[in-house]
Amino acid sequence: MEINDNIESITGNPKKAINKLAIPTIFSLLLMFLNNLIDSFWVSGINADALAALGFITPLYLVVIGIGSGIGAGGNSLISRYVGASRFEDAHNAVIHTIILTFIVSLLILIIGIFFLDDLIILFGAGEVITYCLDYGQIIFLLNIVFLLPNVTASIFRAEGDAGKATHPLMLTAALNMILDPIFIYILNLGIFGAATATVISSLIGYLWMLYWIYIKKDTYFKFKVKYYKRKLEIYKEILVVSLPASFEEIIFALVAIILNYLIITTSGVNEVASFTIAWRFISIAFLPCMAIGIATITVSGIAYGAKNAANFDTTIKYSTMLSLIITLLILASFFIFAYPLCEAFNYQAGNMELVTRSAEILQLLVFYNMLIPFGATAAYTYQGVGSGFKSLGLTVLRELILSMFFAYLLGITFNMGVFGVYLGAIIGMNIGSLIGFIFILMFNRKFEKEVGNNNLPQKSDKRFKFIKE
């Protein structure tokens with residue numbers, strides 16, 4: 001099978017490659033997170049307990065999504081490095097290894113959901129709203145495969161440079177969920193269980209679109225066929241070296257939200273959690289440019305690293321950081337200015353203006369939480385791209401868990417500053433950790449340049465590409 005235009009496009013100019021992969025992903029992720037906000041909008045119409053339950057169970061749902069993203073990151077990183085090194089047969093083989101690994105992990109999540117979900121919910125301090133949590137969480141864990149496969153398949157599409165196929169089904173999923181939510185929650189009178197059901201059905205339909213491209217239309221570069229599979233434990237190892245830390249990073253993000261929920265309950269109560277849930281969703285939106293550009297960075301930095309092209313590697317780091325920073329600051333400024341109308345738009349069904357006001361106040365404070373994240377995120381995603389998943393994990397643990405949560409506890413509990421201290425401490429720790437991470441990736445970049453030399457020679461793509469029998 002001859003190399004297609006998508007593969008050529010991501011092995012050339014890194015700025016163009018990042019734009020090609022990141023811009024559609026930003027819109028896709030924005031739509032997906034808008035979908036999450038609309039979940040809050042509709043669930044808030046049930047009652048405040050249901051909204052609080054959504055705040056508790058969402059981190060667990062994000063863990064499932066994060067595991068899929070982690071496996072996808074591991075596969076993307078390895079496939080991209082193979083592409084950069086012109087090892088296309090190995091790239092095809094890595095695709096099948098990635099899919100097999102996804103099914104194995106899905107089975108493990110299913111077992112956890114069956115036997116331990118109740119205990120997890122109680123452990124996270126959601127005992128008061130456990131019924132609502134179970135109504136939403138059980139179907140998510142039991143049918144987790146419909147969330148894992150779309151994420152992993154989208155990552156494989158990005159590794160071949162096809163941003164459209166990676167993002168359009170996810171956009172369809174979000175759009176469908178927006179339509180199905182009110183139908184299942186109110187018309188069918190399923191409540192918060194209806195919100196979870198709509199999420200599952202929407203994700204399944206989006207994945208069916210991916211399967212159409214792969215097996216019916218057959219216009220993807222990588223062929224998801226068993227004949228390309230040659231079992232190599234080394235490939236599983238290489239995928240896991242990135243996917244395990246990447247998955248743990250997503251778990252850490254969820255753990256941060258859980259710890260914040262706990263600290264907020266301790267210092268202010270359950271009602272504050274409901275307000276924080278609304279504000280935190282907007283803060284998550286502000287992180288999307290970093291996430292989308294970071295996902296593109298995994299592919300582009302992996303290709304540059306595999307090709308031993310130090311110039312492209314350097315450009316990838318600097319361009320992705322600045323692009324993330326500019327977009328992030330614009331979003332944060334908008335959230336700060338329009339905090340009250342935004343929070344009101346997603347709370348008015350509950351008829352609780354106190355909730356609206358408090359959500360807006362929290363949002364205006366937490367915009368500073370994301371200010372320097374582009375620096376830390378670029379470092380983490382670049383380490384994933386070169387296959388150093390545990391270094392990426394280490395930086396994330398330092399930034400999100402150690403520094404951010406340490407300062408949150410220190411100011412909120414130890415210094416008795418209450419919930420304001422919790423928020424302020426999280427902001428301080430996050431920004432310090434982000435700068436530390438960026439220093440580390442700059443040091444890695446300098447070392448890489450010395451090892452391979454500053455490779456500014458243009459590469460003739462025709463000579464790099466091979467043919468693989470279909």
Side-chain angles (χ1 to χ4, degrees), residues 33 36-63 117-118 120-137 140 191-192 195-196 252-285 287 335 339-340 342-344 346-367 369 400-401 404-405 407-409 411-413 417-427 430:
F33 268 78
N36 288 338
L37 287 173
I38 289 178
D39 261 357
S40 295
F41 168 79
W42 290 116
V43 170
S44 69
I46 302 172
N47 55 50
D49 283 347
L51 184 59
L54 190 63
F56 282 112
I57 203 66
T58 294
L60 291 176
Y61 166 68
L62 292 178
V63 167
L117 182 58
D118 300 46
L120 288 172
I121 292 171
I122 294 173
L123 179 64
F124 296 156
E128 295 181 22
V129 291
I130 188 171
T131 301
Y132 286 113
C133 289
L134 289 174
D135 284 346
Y136 192 92
I140 297 296
I192 196 170
I252 288 169
F253 297 150
L255 185 59
V256 166
I258 292 167
I259 294 174
L260 284 175
N261 282 337
Y262 173 78
L263 293 176
I264 290 167
I265 286 179
T266 302
T267 56
S268 190
V270 174
N271 288 337
E272 182 76 4
V273 173
S275 300
F276 170 75
T277 298
I278 297 297
W280 189 251
R281 289 184 182 277
F282 284 104
I283 293 305
S284 298
I285 287 177
F287 180 65
F335 286 172
Y340 283 86
L342 284 171
C343 290
E344 184 176 10
F346 290 94
N347 284 276
Y348 75 82
Q349 273 207 350
N352 189 342
M353 290 308 298
E354 183 180 347
L355 184 66
V356 173
T357 300
R358 186 56 187 154
S359 297
E361 291 172 350
I362 296 171
L363 177 57
Q364 286 184 322
L365 180 60
L366 289 182
V367 293
Y369 182 83
E400 303 272 351
L401 201 55
S404 185
M405 293 302 96
F407 281 106
Y409 184 88
L411 298 185
I413 305 296
M417 293 176 63
V419 72
F420 174 76
V422 172
Y423 297 141
L424 181 61
I427 292 169
M430 175 60 69

Legend entry - Sole candidate of L363, V367, L366 that passes side chain to side chain contact (heavy atoms under 4.5 Å, CB included) when paired with F282: L363
Inset, instruction - First locate atom CG of L401, then atom CG of L255, and finally report the distance between them rounded to the nearest 0.5 Å. - result: 5.5 Å
Inset, instruction - May I have all residue pairs that pass side chain to side chain donor-acceptor pair (under 3.5 Å) and include part of residues 265-274, sequence neighbours excluded? - result: E272-R358, E272-Y423
Legend entry - Derivation and outcome, side chain to side chain contact (heavy atoms under 4.5 Å, CB included), residues S359 and Y340: CA-CA 8 Å; S359 297; Y340 283 86; over 6 Å; no
Inset, instruction - Return the minimal non-hydrogen interatomic distance between L260 and A426, and the atom names on each side. - result: CD2-CB, 4.4 Å
Inset, instruction - Find the distance between CD (E344) and CE (M353) and round it off to the nearest 0.5 Å. - result: 4.5 Å
Legend entry - By ring-ring contact (aromatic ring centres under 6.0 Å, His included) - contacts of F407 (at least two apart): none
Inset, instruction - I would like to know whether I278 and L51 meet side chain to side chain contact (heavy atoms under 4.5 Å, CB included); could you show each step before the answer? - result: CA-CA 9 Å; I278 297 297; L51 184 59; 4.2 Å; yes
Legend entry - Non-hydrogen side-chain atoms of I258 and Y262 separated by less than 4.5 Å: no
Legend entry - Pairs touching residues 127-136 that satisfy salt bridge (charged side-chain N to carboxylate O under 4.0 Å, His left out), sequence neighbours left out: none
Legend entry - ring-ring contact (aromatic ring centres under 6.0 Å, His included) partners for F276, two or more places apart: W280
Legend entry - From CG (L117) to CD1 (I130), nearest 0.5 Å: 8.0 Å
Inset, instruction - Can you see which heavy atom on G191 is nearest to which on I46, and at what distance? - result: C-CD1, 3.8 Å
Inset, instruction - Working to the nearest 0.5 Å, report the span between SG of C133 and CD1 of I192. - result: 7.0 Å
Inset, instruction - For I265, enumerate each residue passing the side-chain contact (heavy atoms from CB on, under 4.5 Å) test, keeping only those at least two apart in sequence or located in another chain. - result: F56, V273
Inset, instruction - Report the residues that fulfil side-chain contact (heavy atoms from CB on, under 4.5 Å) with D49, sequence neighbours left out, ordered by chain and then residue number. - result: N47, V129, Y132
Inset, instruction - Go through the structure and list residues passing side-chain contact (heavy atoms from CB on, under 4.5 Å) with L263, not counting sequence neighbours. - result: I259, A408, Y409, I413, V422
Legend entry - Test item: L365 and I427 side chains (from C-beta on) under 4.5 Å apart, heavy atoms: yes
